[in-house]
Number of protein chains: 2
Amino acid sequence: MTNEQTRLSKENCLKRIAAVRDALYAVSGKWKLPIVVALSEGPLRFKELQRALEDVTPRVLSKELKELELNGFIERREYDTSPATVTYALTPYSDTLKQVTKSLGDWGLQHREYLMEKSRELSPAQSDSLHP
Amino acid sequence: MTNEQTRLSKENCLKRIAAVRDALYAVSGKWKLPIVVALSEGPLRFKELQRALEDVTPRVLSKELKELELNGFIERREYDTSPATVTYALTPYSDTLKQVTKSLGDWGLQHREYLMEKSRELSPAQSDSLHP
DNA sequence: CACCCTGCTATCCTGCAGGATACCGGTATC
DNA sequence: GATACCGGTATCCTGCAGGATAGCAGGGTG
């Protein structure tokens, strides 16, 4: 490999690092991506979302929803039925995240398998690498 | 859609949410994935990594490297040259992360474009959605 | 021997993500 | 008129991820 090529691949690598950092920054947090996944089958109401995410408190859910809306990933819809109904739905832009959530989801599944396998090997001592 | 189908797709969705949460938990943090990307072109030494990641402090870098090693993503190699050299290299298992880093990187790039476009529209007011 | 590089560790500090708990105004169900 | 569901807010609290700064042992370089 020539020096020129090395330089180019290094620069490329730096760019990719920056891109990953940008992405992590934009979708940082424990709940943003899970919310996007939860909404991927269709709009949900506040409480429905809360139930889907199991242990998120309303305060946190509300905050995350606001941020997601501000960043153009979801849309809040109010219907003046009685009593008023509110739903949250993905925007078209959130589709760009599809590949991210898919690969993360796939990886999460296979990683869980991997950890199970590993803990079976070293059992009975339990691994602590699976989140609580 | 039958109720049965609804139930199945709901269950599937819950599984995917859990999988994404697992993944986020495992690769959480500001530096783990960037480190993996940095090492993707070949092993690097401690200081080289530090430079590639620009503003990570040695304390934090050291901590992240230890965690990555503990979780089987990287390998620390010590050579008894004089003075001793240390490199960090990806393990085969870290290959499973390739798709994740790729889609995150791609998305980060396109998201940056998107934000630029958006801020050009509403300029001169600057957007604060790009990280500092 | 003065000074730089590497590969860290030690100490100390701080913000804020995320949580716990409680509550509110409105509706409708019994 | 009590109780329950919805869509949140208001307050208060806490840990810990991540950073700032300093330093050290071991060697290399002039």
Side-chain angles (χ1 to χ4, degrees), chain A residues 17 20-36 38-39 43-71 73-89 128-129 131-132, chain B residues 17 20-36 38-39 43-71 73-89 128-129 131-132:
Chain A
I17 293 172
V20 168
R21 292 237 273 145
D22 286 349
L24 287 174
Y25 177 78
V27 297
S28 67
K30 197 168 166 182
W31 298 109
K32 291 202 181 60
L33 289 180
I35 289 173
V36 169
L39 294 178
L44 289 178
R45 307 171 60 171
F46 191 89
K47 289 281 182 186
E48 286 171 334
L49 258 172
Q50 207 182 160
R51 276 187 290 263
L53 301 175
E54 307 220 319
D55 49 357
V56 67
T57 64
R59 179 189 179 277
V60 169
L61 179 56
S62 170
K63 210 192 80 195
E64 300 282 296
L65 287 172
K66 272 172 191 158
E67 286 178 33
L68 283 169
E69 197 188 0
L70 213 66
N71 291 309
F73 297 123
I74 66 171
E75 201 188 307
R76 197 188 109 110
R77 297 176 182 160
E78 225 176 311
Y79 302 94
D80 53 353
T81 53
S82 173
T85 328
V86 177
T87 68
Y88 294 89
D128 61 341
S129 304
H131 73 157
Chain B
I17 293 173
V20 168
R21 291 238 273 146
D22 286 349
L24 287 175
Y25 177 78
V27 298
S28 67
K30 198 168 165 180
W31 298 109
K32 292 202 181 57
L33 290 180
I35 289 172
V36 168
L39 294 178
L44 289 177
R45 307 172 60 172
F46 191 88
K47 289 280 182 185
E48 285 172 334
L49 258 174
Q50 205 181 160
R51 277 187 290 262
L53 301 176
E54 307 218 320
D55 49 357
V56 68
T57 64
R59 181 190 179 274
V60 170
L61 180 54
S62 170
K63 211 192 81 196
E64 299 283 295
L65 287 172
K66 271 171 191 159
E67 285 177 35
L68 282 169
E69 196 187 0
L70 212 69
N71 291 309
F73 297 123
I74 66 172
E75 201 189 310
R76 196 187 110 111
R77 297 175 181 160
E78 225 176 313
Y79 302 95
D80 53 353
T81 52
S82 171
T85 327
V86 177
T87 68
Y88 294 88
D128 62 339
S129 303
H131 74 158

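Below, read A as the first sequence line, B as the second, and so on, with proteins coming before strands; counting in each chain starts at 1. Quick caveat, the model's predicted, so the values are computed rather than measured.
Among the protein residues, A/K66 comes within range of the sugar-phosphate backbone only, with heavy atoms under 4.0 Å from sugar or phosphate atoms but none that close to a base.
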Would A/D55 and B/R21 satisfy salt bridge (charged side-chain N to carboxylate O under 4.0 Å, His left out), going step by step from the backbone distance to the final call? CA-CA 12 Å; A/D55 49 357; B/R21 291 238 273 146; 3.1 Å; yes
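For D/dC6, the OP1/OP2 oxygens have no side-chain nitrogen or oxygen of A/R45 closer than 4.0 Å. Dashed line: the shortest gap from a side-chain N or O of A/K30 to OP1 or OP2 of C/dC16 is not under 4.0 Å. Checking the phosphate oxygens (OP1, OP2) of C/dC8, a side-chain nitrogen or oxygen of B/Y88 falls inside 4.0 Å. For D/dG28, the OP1/OP2 oxygens have a side-chain nitrogen or oxygen of B/S82 closer than 4.0 Å. Neither OP1 nor OP2 of C/dA17 sits under 4.0 Å from any side-chain N or O of A/S28.
Rounded to whole Å, the distance from CG on A/L24 to P on D/dA17 is 16 Å. Atom C1' of nucleotide D/dG7 and atom CG of A/L61 are separated by 10 Å, given to the nearest angstrom. Spacing between atom CG of B/L44 and atom P of C/dT6 amounts to 13 Å, rounded to whole angstrom units. For the pair A/I35 CD1 and C/dA17 P, the interatomic distance rounds to 14 Å; values are reported in whole Å. Rounded to whole Å, atom P of C/dC5 lies 14 Å from atom CD of B/E48. The distance from atom OH of A/Y25 to atom C1' of D/dG18 is 15 Å, rounded to the nearest whole Å. One interatomic measurement links the two molecules: CZ of A/F46 to P of C/dG25, which rounds to 18 Å at whole-angstrom precision. With rounding to whole Å, B/R51 atom CZ is found 9 Å from C/dC5 atom C1'.
Using a 4.5 Å heavy-atom threshold, the side chains of B/P34 and B/V56 count as separate. By the 4.5 Å heavy-atom criterion applied to side chains, A/Y88 and A/L44 are not counted as neighbours.
Projected onto DNA chain D by closest heavy-atom contact, B/T57 and B/K63 fall at different nucleotides, the more 5' of which corresponds to B/K63. Of the residues near DNA chain C, A/V60 and A/A84, the one whose nearest nucleotide (by heavy atom distance) lies more toward the 5' end is A/V60.
Looking at A/R59, its side chain has no donor and acceptor atom pair within 3.5 Å of the base of C/dT21.
Nearest heavy atoms, A/I17 versus B/A52: CD1-O, 4.2 Å.
Between A/R76 and A/E69 no salt bridge is recorded (no basic side-chain N to carboxylate O distance below 4.0 Å).
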